[in-house]
Number of protein chains: 2
Amino acid sequence: MAKADTPSPEELMKLDNFLCFAIYSANHAFTRVYKPLLDELDLTYPQYLVMVALWEKDDQTVGSLGEKLFLESSTLTPMLKRLEAMGYISRVRDRADERQVRVRLTETGQALKAKASAVPLGIAGATGMEPAEIGRLKQEIATLRASLLR
Amino acid sequence: MAKADTPSPEELMKLDNFLCFAIYSANHAFTRVYKPLLDELDLTYPQYLVMVALWEKDDQTVGSLGEKLFLESSTLTPMLKRLEAMGYISRVRDRADERQVRVRLTETGQALKAKASAVPLGIAGATGMEPAEIGRLKQEIATLRASLLR
DNA sequence: CAGATTTATATCGCACACGATTTAATAGCG
DNA sequence: CGCTATTAAATCGTGTGCGATATAAATCTG
């Protein structure tokens, strides 16, 4: 029979059969591949993601960055302070609503985008996948993420 | 033309088009879904992965666990000490080679496997995917990880 | 418009995660 | 055999991440 069996409990409990572990370890692998490239920019991998979000849309609140990156203020605030200390961004309370903090790129932060432009290609190369394939896999994982967060 | 275009640099620099970000955020999403289930077992998500590795094969060295989990001793040592303090594992220097530390499940640690047996099904449900589909996606990501670490 | 409620960030404590280094033990070699 | 090189864990410093809580500002309600 070519019917897809329900996996046995033993098979289910093997680490290498865990989708979550594949993602967990692939995430670490990405961090490692990014490291040498991001060292040039003096950025950590999460800091790079914040910069990408700001390059895409400047002048965002902490909350809006958090929504896009799926991060809490308790994670972002210290990160943003480091990026500010490095001179890449500024953090200013919104005049109209003092609860909010507006995060903006500095000149240096904007200029960094050019230096970072080579990064995506380097990463794409390391995946050993075609652009179309990367896009498809990315979409599948984004859908999975949405299911998990439902 | 139905030819697959090479993505423009602008498209490449959008966060939502990053495969790495999909994986990064899906990993966080998994952590969140696991949290309430693992709270019952008094385990964090990384601790759970260590326990899964030990349930699959007991009596491993720190190094062998590190290879399977893609983690360094600097990460594992403190984690294992916590699991030991909780009474789930024991850490003993190997008599034949005192450099190595053998990690073994305690009775309590073995017994925990039964309590944890419901977890994978709960997670699988949260993915909203069929077992076969989960397996395929898992394999694709494992292949990606291998490429990245090459 | 005063007091209660909600919202936006920040702070704190804890647990990863890693690179660089240290420590201790084994293996290799003349 | 003794000395060096290698190997396995542990330690240290830094940077995420998050839950719980605190703080302060805006909003809502009577």
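We name chains A, B, ... by the order of the sequence lines, and we start the count at 1 in each one.
- Residues of residues 62-76 of chain B that place a heavy atom closer than 4.0 Å to DNA chain C, in numerical order, are B/Phe70, B/Leu71, B/Glu72, B/Ser74, B/Thr75.
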Q.
Give the dot-bracket line for DNA chain D from 5' end to 3' end: parentheses for intra-strand Watson-Crick or G-U pairs under 3.5 Å, square brackets for crossings, | for inter-strand pairing, dots for unpaired.
A. ||||||||||||||||||||||||||||||

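- Between A/Glu98 and A/Arg93 there is no salt bridge, since no side-chain nitrogen of the basic residue lies less than 4.0 Å from a carboxylate oxygen of the acidic one.
- In this structure, A/Leu144 is a member of the same hydrophobic cluster as A/Leu149, with clusters built from ILVMFWY side-chain heavy atoms closer than 4.5 Å.
- Residues satisfying the side-chain contact (heavy atoms from CB on, under 4.5 Å) criterion with A/Asn27, sequence neighbours excluded, are A/Tyr45, B/Ile23, B/Tyr24, B/Asn27.
- Classification of the A/Tyr48-B/Phe18 ring pair by plane angle, with boundaries at 30° and 60°, yields tilted.
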Please tabulate, one pair per line, each protein N/O and nucleotide N/O from nucleotides 24-27 of chain D that are separated by under 3.5 Å, including the distance.
residue	atom	partner	partner atom	Å
D/dA26	OP1	A/Glu98	N	3.1
D/dA26	O4'	A/Arg99	NE	3.4

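- Applying a 4.0 Å cut-off to non-hydrogen atoms, the residues of residues 18-47 of chain B that approach DNA chain C are B/Thr44, B/Pro46, B/Gln47, listed by residue number.
- Atom P of nucleotide D/dA8 and atom CZ of B/Arg102 are separated by 12 Å, given to the nearest angstrom.
- Pairs of residues two or more places apart, or lying in two chains, that qualify as side chain to side chain donor-acceptor pair (under 3.5 Å) and include a residue from residues 29-41 of chain A are A/Lys35-A/Asp39.
- Judged as a salt bridge (charged side-chain N to carboxylate O under 4.0 Å, His left out), and not counting sequence neighbours, the contacts of A/Arg104 are A/Asp59.
- Applying the side chain to side chain donor-acceptor pair (under 3.5 Å) rule to pairs touching residues 63-82 of chain A yields A/Gln60-A/Ser64, A/Gln60-A/Lys68, sequence neighbours excluded.
- A salt bridge links A/Asp97 to A/Arg99: one of the charged nitrogens lies within less than 4.0 Å of a carboxylate oxygen.
- A heavy atom closer than 4.0 Å to some atom of DNA chain C occurs in A/Arg91, A/Arg93, these being the qualifying members of residues 82-93 of chain A.
- Listed by chain and residue number, B/Ala96, B/Gln100, B/Arg102 satisfy the side-chain contact (heavy atoms from CB on, under 4.5 Å) test with B/Asp94 (two or more places apart in sequence, or in another chain).
- Residues that satisfy the side-chain contact (heavy atoms from CB on, under 4.5 Å) test with B/Ala124, not counting sequence neighbours, are B/Ile134.
- Residue A/Lys81 has no polar side-chain atom (N or O) positioned under 4.0 Å from OP1 or OP2 of C/dT9.
- For B/Thr106, the side-chain contact (heavy atoms from CB on, under 4.5 Å) partners at least two apart in sequence or on another chain are B/Thr108.
- Between B/Asn17 and B/Leu12, the closest side-chain pair of non-hydrogen atoms is not below 4.5 Å.
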